[in-house]
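Before any comments, here is the structure.
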Amino acid sequence: MTDDAAVREFDGIRLERVREHVWEIPREGEMGVAARVLASEELLEQIGDDMTLEQLRNVTHLPGIAEPAVCMPDGHQGYGFPVGGVGAVDAETGCISPGAIGYDVNCGVRMVRTNLTYDDLRGREAELVDALFANIPSGLGGGGIVETDRDTVEEILERGVDWALEHGYAVRADLEHCEDEGRRPDADADAVSEKAKDRGRTQVGSLGSGNHFLEVQRVTDVYRPDVAEAYGLEPDRIVVLIHCGSRGLGHQTCNDYLRRIETEHADLLDELPDKELAAAPAGSDLAEDYYGAMCAAINFAWVNRQLITHRTRRVFERVFEEEWETLGMDLLYDVAHNIGKKEVHEVDVDADGRPTTAAEAVGRAERELYVHRKGATRAFPAGRPEIPAAYRDVGQPVIIPGSMGAGSYVLRGGRNSMDVAFGSTAHGAGRTMSRTQAKKEFWGETVQDELRDQQQIHVKAQSGATVAEEAPGVYKDVDEVVRVSEALGIGDTVARTFPVCNIKG
DNA sequence: ATGTGC
């Protein structure tokens with residue numbers, strides 16, 4: 001029997017079909033382990049179109065990597081490491097790589113629910129989008145909801161959303177509905193450069209630019225009513241999605257450590273197939289410093305999204321003339337999709353108890369790993385202690401934003417996520433063309449007019465160029481990405497939303 | 001993503 005669909009090749013990289021939606025680059029040559037792509041045939045064609053597969057293969061060269069390196073269905077090429085990649089690396093004998101987490105540390109999404117229905121909002125979209133745009137800082141450069149000093153930035157870096165709670169920008173329930181309760185205890189503000197802190201000083205509570213946005217949406221579909229009920233979602237309900245990260249502070253931190261790693265660990269760099277994968281060996285001072293600084297930037301991003309939430313509640317109070325508590329504007333969940341974290345996972349191990357390939361393993365054991373998720377979302381299944389108590393029986397909420405002309409999804413962590421993808425699923429639609437190409441194909445104002453006239457979506461942006469760069473047409477089909485997640489059982493669809501108002505840089 | 005380069 002021959003099966004033509006069993007093998008695919010892109011630029012000399014061969015993938016074998018393991019089962020539906022699972023493609024493997026078998027270990028060969030210098031690869032430490034095998035790599036896997038989680039995709040339908042259609043999405044695999046898109047993934048094979050740029051450098052993603054080569055980058056994924058390179059990831060398997062990282063010392064201490066556990067099997068397999070994973071590429072999500074929305075994967076595309078990134079700086080050294082695919083956006084949509086998961087690399088789990090032994091935290092004792094392996095390494096940590098800033099490029100495998102991304103420049104925008106703790107880029108992520110949070111969803112705020114409301115008691116409003118679409119009818120409550122119809123006819124007032126322009127008023128709401130103007131009020132949001134006027135009150136929530138966006139675009140490149142400085143200007144945040146609070147302008148603060150160096151010492152306060154340090155407190156934010158160390159304490160995360162706990163700082164926001166103390167200063168009246170959060171309620172306790174906000175912390176409880178955030179990944180890690182909005183605070184990474186491993187944060188080390190001393191490991192963040194003065195330059196990074198200075199950039200952060202004027203950016204606490206700001207959206208930024210690029211694909212970052214705040215979007216008012218309506219729930220259009222509910223697929224798992226029991227889970228949706230636990231999450232407080234019903235058809236026709238209005239929700240708010242906030243997508244942003246750690247701004248210049250996270251970017252500066254990533255850059256600082258990439259430069260230090262290149263000079264202080266040139267030996268490891270020489271062994272890697274791509275300079276952009278630069279990594280600090282586990283246990284080195286630099287690995288510890290980077291982990292502490294990266295965790296601090298994670299906290300900064302959570303405070304950033306919290307302050308935007310606070311201001312959003314104020315705007316809704318003014319527009320709808322009710323208290324935000326009465327409007328039911330509770331945080332549903334906040335989840336990162338660019339993050340590196342020490343987590344314990346069961347992996348194949350050799351006689352010394354270190355991660356190895358399935359073929360060479362003498363057994364399986366729990367190991368502490370640096371799980372690098374870059375454009376990938378934690379998706380822990382029901383029962384895990386890391387999940388907020390209110391959701392523990394149904395699974396962790398996963399939020400997957402689509403483009404501004406398409407739906408977004410709420411999923412819940414699937415029962416297979418731990419076995420298939422180190423407790424992860426996809427993070428979005430994924431680009432299909434460069435920003436430069438997008439600006440040739442689209443004109444911002446035309447995109448805005450069409451969205452408003454054809455789909456009743458009201459978009460307001462600082463820059464027309466940004467709207468062109470983020471036009472719906474430059475993104476993959478988010479429905480297809482989510483379908484693969486569902487089919488693999490790594491993230492199960494709970495509800496779908498559709499845009500009403502969108503503000504962006 | 002990003003005071004839109006190293």
Side-chain angles (χ1 to χ4, degrees), chain A residues 50 55 74-85 97-109 137-144 147 150 153 192-214 242-263 266 269 275-276 278 293-294 297-298 300-302 304-305 308 336-340 372-377 401 403-404 427-431 433-440 444 461-470 474-475 504-505:
Chain A
D50 60 17
Q55 290 185 338
D74 53 337
H76 59 92
Q77 69 182 39
Y79 178 89
F81 187 106
V83 176
S97 171
I101 291 163
Y103 272 91
D104 192 3
V105 176
N106 191 4
C107 184
V109 275
S138 64
L140 278 172
E147 181 131 345
R150 180 194 172 282
V153 170
V192 177
S193 71
E194 293 302 320
K195 193 173 174 183
K197 286 172 192 164
D198 192 53
R199 289 182 71 173
R201 214 169 39 75
T202 57
Q203 299 186 329
V204 187
S206 64
L207 276 177
S209 184
N211 65 353
H212 290 162
F213 62 79
L214 181 150
I242 297 165
H243 177 208
C244 61
S246 52
R247 303 293 328 276
L249 183 141
H251 188 272
Q252 187 66 47
T253 301
C254 183
N255 209 34
D256 290 341
Y257 279 93
L258 280 170
R259 298 294 89 80
R260 277 189 63 188
I261 288 169
E262 283 165 9
T263 54
L269 194 64
K275 186 171 173 287
E276 294 182 354
M294 191 263 303
I298 289 171
F300 184 89
W302 272 323
N304 189 25
R305 292 198 285 276
I308 293 169
H337 53 226
N338 278 10
I339 200 164
H372 303 74
R373 294 190 182 93
K374 180 184 184 183
T377 314
S403 73
M404 60 188 161
H427 86 304
R431 297 190 78 85
M433 73 174 79
S434 70
R435 293 178 180 279
T436 314
Q437 185 63 31
K439 278 182 280 196
K440 287 181 193 157
Q462 298 284 354
S463 149
T466 305
V467 178
E469 289 172 6
E470 298 298 320
V474 314
Y475 279 92
K504 55 198 300 90

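Please read all numbers here as calculations on a predicted model, not as lab measurements. In the text below, chain A, chain B and the rest are named by the order of the sequence lines, each starting its count at 1.
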How long is the line joining CZ of A:Arg259 and P of B:dT2, in whole Å?
-> 18 Å
Using a cut-off of strictly less than 4.0 Å, decide whether A:Arg435 has a side-chain nitrogen or oxygen near OP1 or OP2 of B:dT4.
-> no
With a 4.0 Å heavy-atom cut-off, tell me which residues in residues 249-258 of chain A come close to DNA chain B, sorted by residue number.
-> A:His251
Just by modelled atom types, is the A:Arg373 backbone N or O under 3.5 Å from a matching donor or acceptor in the A:Asn338 side chain?
-> no
Can you sort out the partners of A:Arg150 under salt bridge (Lys or Arg N to Asp or Glu O under 4.0 Å), two or more places apart, ordered by chain and number?
-> A:Glu154, A:Glu194
With a 4.0 Å cut-off on heavy atoms, is A:Gly210 in touch with a base, just the backbone sugar-phosphate, or nothing at all?
-> sugar-phosphate
Are any side-chain N or O atoms of A:Ser97 and backbone N or O atoms of A:Ala278, one a donor and one an acceptor, separated by less than 3.5 Å?
-> yes
Have a look at A:Asp256 and tell me which of A:Arg260, A:Arg259, A:Gln252 forms a side-chain hydrogen bond (donor to acceptor under 3.5 Å, both in side chains) with it.
-> A:Gln252
Which part of the nucleic acid does A:Gln203 contact within heavy-atom distance under 4.0 Å: base, sugar-phosphate only, or nothing?
-> sugar-phosphate
Reckon A:Lys195 touches a base, only the sugar-phosphate, or nothing at all at heavy-atom distances under 4.0 Å?
-> base
Proximity of A:His243 and A:His337 rings by center, below 6.0 Å = yes
Rounded to whole Å, the CG-P distance (A:Leu140 to B:dG5) equals 11 Å
Hey, is the main chain of A:Ala301 close enough, under 3.5 Å, to the side chain of A:Asn106 for a donor-acceptor pair?
-> no
Separation of B:dT2 atom P from A:Asn304 atom CG, nearest Å, is 10 Å
Write down the distance between CG (A:Leu207) and C1' (B:dT2), rounded to a whole number of angstrom.
-> 15 Å
Quickly work out the A:Tyr79 OH to B:dC6 P distance and round it to whole Å.
-> 8 Å
Is there any salt bridge (Lys or Arg N to Asp or Glu O under 4.0 Å) pair reaching into residues 200-213 of chain A, and which pairs are they, with sequence neighbours excluded?
-> A:Asp198-A:Arg201
Could you check how far CD1 of A:Ile101 sits from P of B:dT2, rounded to whole Å?
-> 17 Å
Sugar-phosphate only, base, or nothing, as touched by A:Ser246 at under 4.0 Å among non-hydrogen atoms = nothing
Quick one: A:Asp198 CG to B:dT2 C1', roughly how many Å, whole number?
-> 16 Å
